[in-house]
Amino acid sequence: NTTQSVPLRLPVAFGFCLRLSNFLWSLGGERGGKKGGGGGKWEAGRRLLLLLLLLKAFRRTRLVSKHLSRAPGKKAGQEPRDKSCGNQGPAGPRGERGSSGINGLPGEKGAPGECAVAPRSAFSAKRSESRSPPLADQPIVFDVVLINEQGHYDANTGKFLCEIPGLYYFAVHATVYRMSLQFDIMKNGKSVASFFQFYGNWPKPTSLSGGTLVRLEPEDEVWVQVGVGDYIGFYSSVKTDSTFTGFLVYSYWQNSPVFA
């Protein structure tokens with residue numbers, strides 16, 4: 001292989017130049033000693049020969065360097081020849097898990113979303129001044145509306161109509177005067193809570209209050225009525241009231257974003 005053998009010959013060539021230089025130096029010394037002035041000529045010739053040999057060695061060194069700089073099988077101005085790849089070896093073992101990187105910068109603030117509003121239902125009403133007792137087994141009409149923002153209570157019929165399914169609380173405060181009182185909180189015609197107050201001919205009115213939790217579905221109705229004909233002592237005046245109040249505690253709506 002020429003590429004491999006040429007570099008190996010360079011030290012030999014330089015060594016030969018040095019030995020030849022020493023030999024000529026010795027001859028120049030002998031000639032100078034025998035003939036006197038002839039040593040200068042020998043010295044000039046020896047130096048000229050040494051210079052020529054060094055220039056030849058230098059030129060060969062450059063040619064070898066240029067030759068070695070080329071890739072095997074590649075000529076000047078040409079791309080290397082394609083070689084077919086061998087079969088892919090088996091996958092190596094999985095490396096260890098690297099350390100976690102640093103946290104990135106916080107992202108931009110998102111646009112404000114819509115606020116979910118909880119379903120609402122509440123009312124409160126009282127009876128206007130009346131000295132006549134209500135009729136038995138009929139809804140008592142609390143005709144003076146105190147609050148009814150959703151309109152779920154009807155002041156003409158005295159009934160609350162459910163529109164939002166959920167758990168409700170209803171409370172009744174009654175002023176009792178001139179006779180005993182018994183009333184029921186009704187749901188769809190059935191009593192869910194009953195309350196009674198005996199009146200003992202006292203000179204001043206007394207009171208009766210009661211309340212209960214009721215689970216309602218849409219279209220359910222709730223109202224107050226007296227259940228016994230002799231116990232109808234509902235009373236209202238300027239100084240004392242009888243009230244009916246109800247409100248939603250929480251909803252059962254599955255699609256509600258708040259109560260689902």
Side-chain angles (χ1 to χ4, degrees), residues 117-253 256 258-259:
V117 178
R120 299 176 181 178
S121 180
F123 78 94
S124 184
K126 67 178 182 178
R127 282 176 59 85
S128 59
E129 184 176 356
S130 174
R131 300 184 184 277
S132 59
L135 299 177
D137 298 325
Q138 292 186 17
I140 300 175
V141 177
F142 297 83
D143 54 320
V144 180
V145 174
L146 302 177
I147 185 170
N148 189 28
E149 294 179 354
Q150 293 76 34
H152 297 164
Y153 173 75
D154 189 348
N156 297 318
T157 62
K159 292 182 178 181
F160 171 82
L161 179 63
C162 175
E163 294 188 10
I164 302 172
L167 189 68
Y168 289 79
Y169 182 77
F170 295 94
V172 179
H173 174 80
T175 298
V176 182
Y177 187 54
R178 293 178 180 168
M179 63 185 67
S180 299
L181 174 62
Q182 185 272 328
F183 66 82
D184 296 317
I185 297 178
M186 309 291 293
K187 172 187 173 182
N188 299 332
K190 295 182 179 180
S191 174
V192 294
S194 182
F195 306 92
F196 177 80
Q197 173 65 55
F198 175 77
Y199 180 74
N201 293 322
W202 300 307
K204 294 183 179 181
T206 186
S207 63
L208 173 61
S209 299
T212 184
L213 286 168
V214 183
R215 179 173 181 174
L216 300 179
E217 300 293 337
E219 304 302 324
D220 286 343
E221 292 182 322
V222 177
W223 67 88
V224 181
Q225 72 179 34
V226 290
V228 181
D230 294 336
Y231 303 133
I232 54 175
F234 256 103
Y235 181 80
S236 298
S237 67
V238 177
K239 296 182 178 181
T240 181
D241 292 313
S242 293
T243 61
F244 179 33
T245 301
F247 56 88
L248 175 66
V249 178
Y250 56 84
S251 172
Y252 289 139
W253 268 348
S256 170
V258 177
F259 299 100

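Of all heavy-atom pairs spanning Val141 and Ala155, the tightest one is CG1-O, 3.2 Å. Annotation for Gly211 and Tyr169: closest pair CA-OH, 3.6 Å, computed over non-hydrogen atoms. Nearest heavy-atom pair across Gln150 and Ser121 is OE1-CA, 3.5 Å. The two atoms that bring Gln197 and Thr206 nearest to each other are CG-CG2, 4.0 Å, heavy atoms only. Residue Ile232 comes nearest to Pro134 through the heavy atom pair O-CD, 3.7 Å, listed as atom of the first residue, atom of the second, then distance. Ser207 and His173 get closest at one heavy-atom pair: CB-CE1, 3.6 Å.
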- prompt: Would Phe183 and Leu208 satisfy side chain to side chain contact (heavy atoms under 4.5 Å, CB included), going step by step from the backbone distance to the final call?
  reply: CA-CA 9 Å; Phe183 66 82; Leu208 173 61; 3.4 Å; yes
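When atom types are taken as modelled, the side chain of Gln138 and the backbone of Gln225 share no donor-acceptor pair closer than 3.5 angstrom. Not one N or O on the side chain of Asp143 forms a donor-acceptor pair closer than 3.5 Å with the backbone of Arg127. Although no hydrogens or angles enter the test, the distance criterion places a donor-acceptor pair under 3.5 Å between the side chain of Ser242 and the main chain of Thr175.
At a threshold of 4.5 Å between non-hydrogen side-chain atoms, the residues Phe198 and Val176 do not count as touching. In this structure, Phe234 and Leu181 have side chains that are in contact, with non-hydrogen atoms separated by less than 4.5 Å. Two residues are said to be in side-chain contact when any heavy atoms from C-beta on lie closer than 4.5 Å; Thr240 and Tyr177 fail this criterion. In this structure, the side chains of Phe170 and Val192 stay at 4.5 Å or more apart for every pair of heavy atoms. In this structure, the side chains of Leu161 and His152 stay at 4.5 Å or more apart for every pair of heavy atoms. At a threshold of 4.5 Å between non-hydrogen side-chain atoms, the residues Pro218 and Glu163 do not count as touching.
Among Tyr153, Phe247, Tyr252, Phe160, the single residue meeting the ring-ring contact (aromatic ring centres under 6.0 Å, His included) criterion with Tyr168 is Phe160.
In this structure, CH2 on Trp223 lies 4.5 Å from NZ on Lys159, to the nearest 0.5 angstrom. Atom OG of Ser236 is separated from atom CD of Glu129 by 8.5 Å, given to the nearest 0.5 angstrom. For the atom pair CD (Gln182) and CG (Asp230), the distance works out to 11.0 Å, reported to the nearest 0.5 Å. Atom CG of Asn188 sits about 6.5 Å away from atom CD of Glu221, to the nearest 0.5 Å. Here the NZ atom belonging to Lys187 is positioned 5.0 Å from the CG atom belonging to Asp220, to the nearest 0.5 angstrom.
The six-membered or imidazole ring of Tyr199 lies away from that of Tyr231, with a centre-to-centre distance of 6.0 Å or more.
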